Amino acid sequence: MKKIITEMMSLANSCDCGIHHNQIPIETILVGNNVLGDAVAYLEKKSFKKAIIIADDQTFRAAGEELTKHLSTTKVGYSTCLLQPDENNDVVADEKSLVQALLETSQDTDVIIAVGSGTIHDIARFTSTKMKIPFISVPTAPSVDGFTSMGAPLIVRGMKKTFQMKAPIAVFADLIVLKNAPKKMIAAGFGDMLAKYTSLADWQFGHLVYGEPYCPLVATITREALNLCVEKVDKIAAADEEGIRILIEALIQTGLAMLLFGQSHPASGGEHHLSHYWEMEFLRQNRPLVLHGAKVGVAVALLAEVYEREFIPFLYILRKLDDTIKTIEDYSIVRNIKENIEEIKAVYAAIPKASQLRELIEKVEGEILPSQLGIDGNIVMRSLTEAHHLRDRFTALKFLNGVVKVNHHEEVR
């Protein structure tokens with residue numbers, strides 16, 4: 001995938017969107033069979049002296065053990081940090097895990113290797129930034145799009161907040177490891193990709209109506225990755241080498257798009273706000289956590305339903321918008337909606353129906369309803385009216401609650 005970085009930077013240099021495009025600091029992205037040996041060869045090539053592997057018990061068994069076998073044949077010293085789970089047997093990117101990783105990373109460590117999925121990468125990314133040393137990504141499941149991004153969603157005092165840290169300097173995605181990932185994690189990765197339907201729509205809406213920064217190039221890169229996953233859903237569902245390669249490369253490409261833009265707008269809209277709300281509710285209730293991509297996969301279909309039922313009708317009755325004006329900001333929002341109405345209609349009309357999204361998720365054996373994740377109707381209803389406060393972004397969900405103040409009264413399954 002090294003070629004894609006060169007192509008992205010070339011396109012970014014000629015992009016006329018007017019925003020600053022970040023350089024992509026990732027030197028190597030290798031997706032293939034038996035690439036853990038290549039990861040160690042890369043460490044030697046870079047003349048690293050001391051590495052720390054950050055993993056948990058499961059991800060260490062999945063790839064860490066093999067990695068240490070390769071390391072033991074070199075002069076690269078290494079240690080391991082096996083993150084401790086909480087009372088629900090979940091490894092959480094919270095203060096306890098962050099402190100553990102910092103304490104176990106010695107001062108002479110000059111590189112971190114994140115061996116795991118999203119949470120472990122978030123902890124490694126934080127540690128890397130605070131210790132001022134680079135980190136290398138070794139995904140153990142194609143479950144999230146954050147491997148190559150700068151964002152680290154962390155739980156701080158019970159609240160989930162994304163901090164901009166740093167991207168890895170290299171990614172080594174071993175297809176043998178990824179194919180053996182639990183099916184539920186593959187389904188989660190596919191759910192995280194489907195989320196781009198609503199995140200891309202919300203991003204463009206926020207730009208047109210609220211003046212948020214936007215880049216058509218980054219949007220196109222993200223959409224192409226999404227479209228390929230949908231087109232190849234049957235191969236992803238089969239979890240064979242081709243399907244897993246398609247999924248992990250799409251997740252990596254989406255992460256690169258976020259890295260280029262500098263923020264998570266392309267891949268995180270109202271559906272992610274719902275997911276974050278549900279996660280924090282689980283933490284408050286001290287319940288076992290649910291995979292991020294599983295929550296997002298359920299949330300994207302739910303939000304598509306809400307947007308079709310409650311948001312799109314407003315776009316066809318413009319006079320009703322005038323009734324919502326109470327402040328100067330409301331006036332500006334309504335004016336911008338009217339000026340860009342046809343484009344906004346097209347953006348949200350392009351989101352597949354909830355039934356279509358759920359059918360896609362079912363193909364990869366993922367959950368499709370909040371109740372299947374243990375999220376009851378009361379939590380769902382509260383999230384639909386409160387989750388937009390979690391991020392300072394102007395999504396259609398925020399518009400419904402802030403300007404229109406729709407009552408989400410439909411029965412939630």
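Keep in mind it's a predicted model, so treat the numbers as computed, not measured.
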Next item on the list: Could you walk me through whether H388 and T395 pass the side-chain hydrogen bond (donor to acceptor under 3.5 Å, both in side chains) test, one step at a time?
Entry: CA-CA 8 Å; H388 65 282; T395 63; over 6 Å; no

Next item on the list: Apply the test side chain to side chain contact (heavy atoms under 4.5 Å, CB included) to residues V31 and L175: give CA-CA distance (whole Å), side-chain angles for both, the deciding distance (0.1 Å), then the verdict.
Entry: CA-CA 7 Å; V31 179; L175 291 175; 3.9 Å; yes

Notebook entry, point to check: What's the verdict on side chain to side chain contact (heavy atoms under 4.5 Å, CB included) for L360 and F190, showing C-alpha distance, side-chain angles and the deciding distance?
Noted result: CA-CA 9 Å; L360 286 167; F190 185 75; 4.0 Å; yes

Note to self: side chain to side chain contact (heavy atoms under 4.5 Å, CB included), that's the test. Do L71 and I53 meet it? Break it down for me.
What the structure shows: CA-CA 11 Å; L71 281 168; I53 296 171; 4.0 Å; yes

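Between Y348 and F314, a ring centre-to-centre spacing not shorter than 6.0 Å is recorded. Residues F399 and F311 place their aromatic rings such that the two centres sit under 6.0 Å apart.
Residues E271 and L194 fail the side-chain proximity criterion, which asks for heavy atoms closer than 4.5 Å. At a threshold of 4.5 Å between non-hydrogen side-chain atoms, the residues I26 and L259 count as touching. For the pair Y277/R382, a side-chain contact is recorded, criterion being any heavy-atom separation below 4.5 Å from C-beta on. Within the 4.5 Å cutoff, side-chain heavy atoms of I379 are placed close to those of W278. Inter-residue side-chain proximity for I123 and L98 is flagged as met; some heavy-atom pair is nearer than 4.5 Å. Taking the side chain as every heavy atom from C-beta outward, E27 and Y42 approach each other to under 4.5 Å. Contact of the E241 side chain with the K179 side chain is registered, since non-hydrogen atoms from C-beta on lie closer than 4.5 Å. In this structure, the side chains of R391 and K160 come closer than 4.5 Å at one or more pairs of heavy atoms.
Donor-acceptor pairing under 3.5 Å is recorded for the side chains of S143 and S117. Checked by atom type, the side-chain pair S199/H272 shows no donor-acceptor distance below 3.5 Å. Between the side chains of S264 and R393, at least one donor N or O sits under 3.5 Å from an acceptor N or O.
Minimum interatomic distance between T119 and V92 (heavy atoms only, all atoms of both residues): CG2-C, 3.9 Å. A396 approaches F205 most closely through the heavy-atom pair N-CD2, 3.7 Å. The shortest non-hydrogen separation linking V298 to E367 is CG2-O, 3.6 Å. Contact record, C81 with I52: CB-CD1, 3.9 Å, taken as the closest heavy-atom pair. Closest heavy-atom contact between A173 and P139: CA-CD, 4.0 Å. Between N33 and I176, the shortest heavy-atom contact is OD1-CG1, 3.5 Å.
A donor-acceptor contact shorter than 3.5 Å is absent between the side chain of R223 and the backbone of L200. Listed for the N88 side chain is a donor-acceptor partner under 3.5 Å among the backbone atoms of N286. Of the possible donor and acceptor atoms, none in the side chain of T59 sits under 3.5 Å from a partner among the backbone N and O of A62. Without hydrogens or angle criteria, E365 side chain to A187 main chain gives no donor-acceptor distance under 3.5 Å. Judged by distance alone, with hydrogens and angles left aside, the side-chain atoms of K363 form no donor-acceptor pair with the main-chain N or O of A237 at under 3.5 Å. Counting only distance, with no hydrogens or angles, the side chain of N336 and the backbone of S332 share a donor-acceptor pair below 3.5 Å. Looking only at distances, a side-chain donor or acceptor of Q100 sits under 3.5 Å from a matching main-chain atom of Q84. With T148 contributing its side chain and L256 its backbone, the two residues share a donor-acceptor pair below 3.5 Å. Without hydrogens or angle criteria, S383 side chain to V380 main chain gives a donor-acceptor distance under 3.5 Å.
Shown here is I317, whose CD1 atom has more than 12 heavy atoms of other residues, nucleotides or ligands within 6.0 Å. Under a cut-off of 6.0 angstrom, the local environment of NZ in K338 is crowded, with over 12 non-hydrogen atoms contributed by other residues, nucleotides or ligands. Counting heavy-atom neighbours within 6.0 Å of K235 NZ, excluding the residue itself, gives a total of 12 or less. For CD of E212, the number of neighbouring non-hydrogen atoms (other residues, nucleotides, ligands) closer than 6.0 Å is greater than 12. Other residues, nucleotides and ligands contribute over 12 non-hydrogen atoms within 6.0 Å of the CZ atom of F163. When the shell of 6.0 Å around CG of D392 is examined, it contains 12 or fewer heavy atoms from other residues, nucleotides or ligands.
Taking OH of Y214 as the start and CG of L208 as the end, the distance is 8.0 Å to the nearest 0.5 Å. The NZ atom of K50 sits 4.5 Å away from the OG atom of S79 when rounded to the nearest 0.5 Å. Once rounded to the nearest 0.5 Å, the distance linking CZ of R245 with CG of L247 reads 12.5 Å. Atom-to-atom distance recorded for T105:OG1 and I54:CD1 is 4.5 Å, nearest 0.5 angstrom. We find the NE2-NE2 distance between H389 and H273 to be 12.0 Å, quoted to the nearest 0.5 Å. Expressed to the nearest 0.5 Å, how far NE2 of H276 lies from NE2 of H292 amounts to 6.0 Å.
A salt bridge between R284 and E281 is present, with a side-chain N of the basic residue lying under 4.0 Å from a carboxylate O of the acidic one. A salt bridge links E308 to K353: at least one charged side-chain nitrogen sits closer than 4.0 Å to a carboxylate oxygen.
The list of salt bridge (charged side-chain N to carboxylate O under 4.0 Å, His left out) pairs with a residue in residues 87-96, not counting sequence neighbours, is empty. Applying the salt bridge (charged side-chain N to carboxylate O under 4.0 Å, His left out) test to pairs two or more places apart or on separate chains, none has a residue in residues 252-265.
A side-chain hydrogen bond (donor to acceptor under 3.5 Å, both in side chains) with K196 is found for exactly one of T254, D145, T222, namely D145. Remark: of the listed residues V115, I120, V35, V171, V115 is the sole one forming a side-chain contact (heavy atoms from CB on, under 4.5 Å) with V138.
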